[in-house]
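Start at 1 and go down the list; that is how both ligands and their atoms are numbered.
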Amino acid sequence: MTSVGHANSGTDVSNARTASRLSYPSLWSGRTGLLFQPTASQSYHFSWGTSFNTSADTYQYTTQQIADVPAEKSRNIELGAKLDWLDGRLSTRAALFRTEKYNERTTDSDFAGTYPVLSGRRHSQGLAFDIVGRVTPELEVYVSYAYLHQAVIDKVGSAVTPPNSSGYKTLVGAPVGLLPRHSGAANGFGNHVDSAVRHLRDGGGRVRTDVSCTLFLSEPDEYDGGELTMEDTFGRQRIKLPAGDLIVYPGHSVHRVEPVTRGQRLASYFWVQSLVRSAEQRRLLFDMDSHLMSLRSRLGEADPAVIGLTGTYHNLLRMWLDC
Ligand SMILES: O=C(O)CCC(=O)C(=O)O
Ligand SMILES: [Fe+2]
């Protein structure tokens, strides 16, 4: 199996604000592989492939800054095996891989408005493992695990500190940041408390995870299971909301996502740092604000007690603000 792709382009891209030219003289990509299948339930493969990604990937957002930025390129080598079990109902896959990336576009908050930072060359290698299948009509399993043995910067790119000059630390040989050594996914997510701090991807700061949020993107009838389950002062809550609804819950609560036994659950989850650090104080302020709104609608804005209590609310907030 071999395939080759070629792009030869000089694309004029213009939008309301900028007229930029993206030109890539000639880009080739290729893939080739060998598959050995001694029996119906086992196969072994070796593959080699290259790919590229031009900076016109978000076409409508092409700006002067990304015009003439070289394409990102990658090369991937993989040696793997696939074994089927239980008459094909369960499949296990394992692969050793090595990936090299060139010119990866990253955003550095210091230069974000000006140009992307290109990463030079980096490589990673490791082992990936999957177990996928429907063991019984009710139970579908999906577990994936990857072990990243090495992820290293081989060559620095643009706009990074010069190697070994005037005391700067060289980045060559440094591990690639924000890449976990062990990663995995499963169709369930056991009991946990969210970790206290999240680091922004570009190193631009951190967020204390006071409030956790899940935005449901799949309709409840598209999957079975997948409830977000948590224990709080009101007992156990099992939450499964229509697509487009969002649930906000305290980051310190113990929660889990039940295994998905049918279909696919798509959700977006993220964390918010509150101006009030203590969950107890947030709850008191929330209760007070709810009662104040009810009083205001019955007694009106000008009622002296409403004015007084609104002042107390703000004075409490002033005392507890963490900024
Ligand atoms: O998928 C969800 O609803 C929540 C995920 C979650 O608990 C987490 O990522 O910490
Ligand atoms: Fe969580």
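Those atoms of ligand 1 with a heavy atom of Trp271 less than 4.0 angstrom away are 10 (O). Annotation for ligand 1: atoms under 4.0 Å from non-hydrogen atoms of His255 are 7 (O).
Across Lys101 and Ser74, no two heavy atoms sit closer than the pair CG-CB, 3.9 Å.
For atom 5 (C) of ligand 1, the closest heavy atom belonging to the protein is Tyr269 CD2, 3.8 Å. For atom 8 (C) of ligand 1, the closest heavy atom belonging to the protein is Phe189 CE1, 3.4 Å. Counting protein heavy atoms only, atom 4 (C) of ligand 1 is closest to Thr214 OG1, 3.7 Å. Here the heavy atom of the protein found nearest to atom 1 (O) of ligand 1 is Arg265 NH1, 2.9 Å.
Between Val132 and Arg93 there is a side-chain heavy-atom pair separated by less than 4.5 Å.
Proximity of Arg256 to ligand 1, defined as any heavy-atom pair under 4.0 Å, is not found for any part of the residue.
Side-chain contact check for Trp85 and Thr92: at least one donor-acceptor pair (N or O, by modelled atom type) lies under 3.5 Å.
Under a 3.5 Å cut-off, the side chain of His255 and the backbone N or O of Ser253 do form a donor-acceptor pair. The closest donor-acceptor contact from the side chain of Thr50 to the backbone of Gly30 lies under 3.5 Å.
No salt bridge links Lys240 with Glu258; every basic N to acidic carboxylate O contact stays at or beyond 4.0 Å.
When rounded to 10 degrees, the angle formed at the Fe ion (ligand 2) by OD1 (Asp194) and NE2 (His255) equals 100°.
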